[in-house]
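Ligands are counted one by one from 1 in listed order, and the atoms in each one are counted from 1 as well. Because the structure is a prediction, the values reported are computed rather than measured.
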Amino acid sequence: MPQPFLTLNNGVQIPQLGLGTWQTPDDVAAAAVSNALKDGYRLIDTAAIYENETGVGRGLQQGLKAAALSREDVFVTTKLWNSEQGYDSALRAYDESLKLLQLDYVDLYLLHWPAPKKDLYVDSWKALVRLLEEKRVRAIGVSNFEPAHLERIIKATGVTPAVNQIELHPDFQQTELNKFHVQHNILTQSWSPLGQGALLKNEVIRAIAQKHNKTPAQVVIRWHLEQQLLVIPKSIHAPRISENFAVFDFALDAEDLAKIRTLDAPKNRIGPHPDTADF
Ligand SMILES: NC(=O)c1ccc[n+]([C@@H]2O[C@H](COP(=O)([O-])OP(=O)(O)OC[C@H]3O[C@@H](n4cnc5c(N)ncnc54)[C@H](OP(=O)(O)O)[C@@H]3O)[C@@H](O)[C@H]2O)c1
């Protein structure tokens, strides 16, 4: 089975599975990224606040060369940090990310959080719209936005984000927000898709993994793919990076999906609620 791609609301193709890099230190990011490209990953997710754009950029250079790929073969996402929100500062921050990544464009630029107390996300979104209009970025989106934030930026600009990257894992399924995304032609990208690793110890997940002769991580990643979600598991270990990509040769059945559905509960949110996140 080849790796799947989905189509963004502006027609751009996005790989469904990519490598996350939060908590990947700058000096190990290059190896993680180049290992991932060698395994077949074609999407890398970073952010200014991860302080690893330099290492990610180096890993892209190394990995593209080693796998005889060109820049257009990979999809790179980075994100605007909250402290840089605002029209002019967002444009400056984009240039800074490009410089660190050693790229002349990224494929997807996201507003990392709405940070509603600052009340700058509409101005920041206008800056991203300008980058898109000037063809300096292939697609723009947001992260951690709730319906009210999404409605506000769409109303202000007429431009709907291509992606909303949100916390989503089998025990925190975000059904309502995902429904809103489907209605508005926004793709959902799952962050902390493995529940930051804790979910891999879950008995239901472990039993399904045993049944398919797969690992718990592979079952969880497969679940995201089958829900038509974009998914970006993170690892800095080469064997796990490979394991997390070996998910295209099996499928979950109706019984597995029914069992996983029962894990969903609001209490399983790991991160802060976007309305009250204090950063
Ligand atoms: N937009 C946002 O606000 C936001 C917030 C959080 C995350 N994200 C993005 O989403 C990505 C993924 O989320 P995440 O990093 O929070 O968590 P995650 O991908 O759910 O889990 C990562 C954890 O699981 C471990 N792991 C990975 N593969 C494994 C395997 N096959 N077997 C056992 N353990 C495994 C990793 O350890 P090792 O690394 O030691 O292998 C790490 O501790 C981030 O890296 C980032 O790119 C975005």
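Ser190 is not listed as a side-chain neighbour of Trp223, based on a closest heavy-atom distance of 4.5 Å or more.
The aromatic rings of Phe180 and His184 sit parallel to each other, their planes meeting at less than 30°, with 60° as the upper class boundary. Classification of the His112-Tyr50 ring pair by plane angle, with boundaries at 30° and 60°, yields perpendicular.
More than 12 heavy atoms of other shown residues, nucleotides or ligands fall within 6.0 angstrom of atom CD in Gln228.
A donor and an acceptor atom, one from each side chain of Trp191 and Asn144, are located under 3.5 Å apart. No side-chain N or O of Thr188 forms a donor-acceptor pair with one of Gln174 less than 3.5 Å apart.
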Show the distances, to 0.1 Å, for all pairs joining an N/O atom of ligand 1 and a protein N/O atom that are shorter than 3.5 Å, listing one pair per line.
| unit_1 | atom_1 | unit_2 | atom_2 | d |
| --- | --- | --- | --- | --- |
| ligand 1 | 1 (N) | Ser143 | OG | 2.8 |
| ligand 1 | 1 (N) | Gln165 | OE1 | 2.9 |
| ligand 1 | 3 (O) | His112 | NE2 | 3.4 |
| ligand 1 | 3 (O) | Asn144 | ND2 | 2.9 |
| ligand 1 | 3 (O) | Trp191 | NE1 | 3.4 |
| ligand 1 | 8 (N) | Tyr50 | OH | 3.4 |
| ligand 1 | 13 (O) | Ser192 | N | 3.0 |
| ligand 1 | 16 (O) | Ser192 | OG | 2.7 |
| ligand 1 | 19 (O) | Lys234 | N | 2.9 |
| ligand 1 | 20 (O) | Pro193 | N | 3.3 |
| ligand 1 | 20 (O) | Leu194 | N | 2.7 |
| ligand 1 | 20 (O) | Gly195 | N | 3.4 |
| ligand 1 | 20 (O) | Gln196 | N | 3.0 |
| ligand 1 | 28 (N) | Asn244 | ND2 | 3.0 |
| ligand 1 | 31 (N) | Glu243 | OE2 | 3.0 |
| ligand 1 | 31 (N) | Asn244 | OD1 | 2.9 |
| ligand 1 | 34 (N) | Arg240 | NH1 | 3.4 |
| ligand 1 | 37 (O) | Arg240 | NH1 | 3.2 |
| ligand 1 | 39 (O) | Lys234 | NZ | 2.8 |
| ligand 1 | 39 (O) | Ile236 | N | 3.0 |
| ligand 1 | 40 (O) | His237 | ND1 | 3.1 |
| ligand 1 | 40 (O) | Arg240 | NH1 | 3.4 |
| ligand 1 | 41 (O) | Ser235 | OG | 2.6 |
| ligand 1 | 41 (O) | His237 | ND1 | 2.9 |
| ligand 1 | 41 (O) | Arg240 | NH1 | 2.7 |
| ligand 1 | 45 (O) | Thr21 | N | 3.1 |
| ligand 1 | 45 (O) | Trp22 | N | 2.8 |
| ligand 1 | 47 (O) | Thr21 | N | 3.2 |
| ligand 1 | 47 (O) | Asp45 | OD2 | 2.7 |

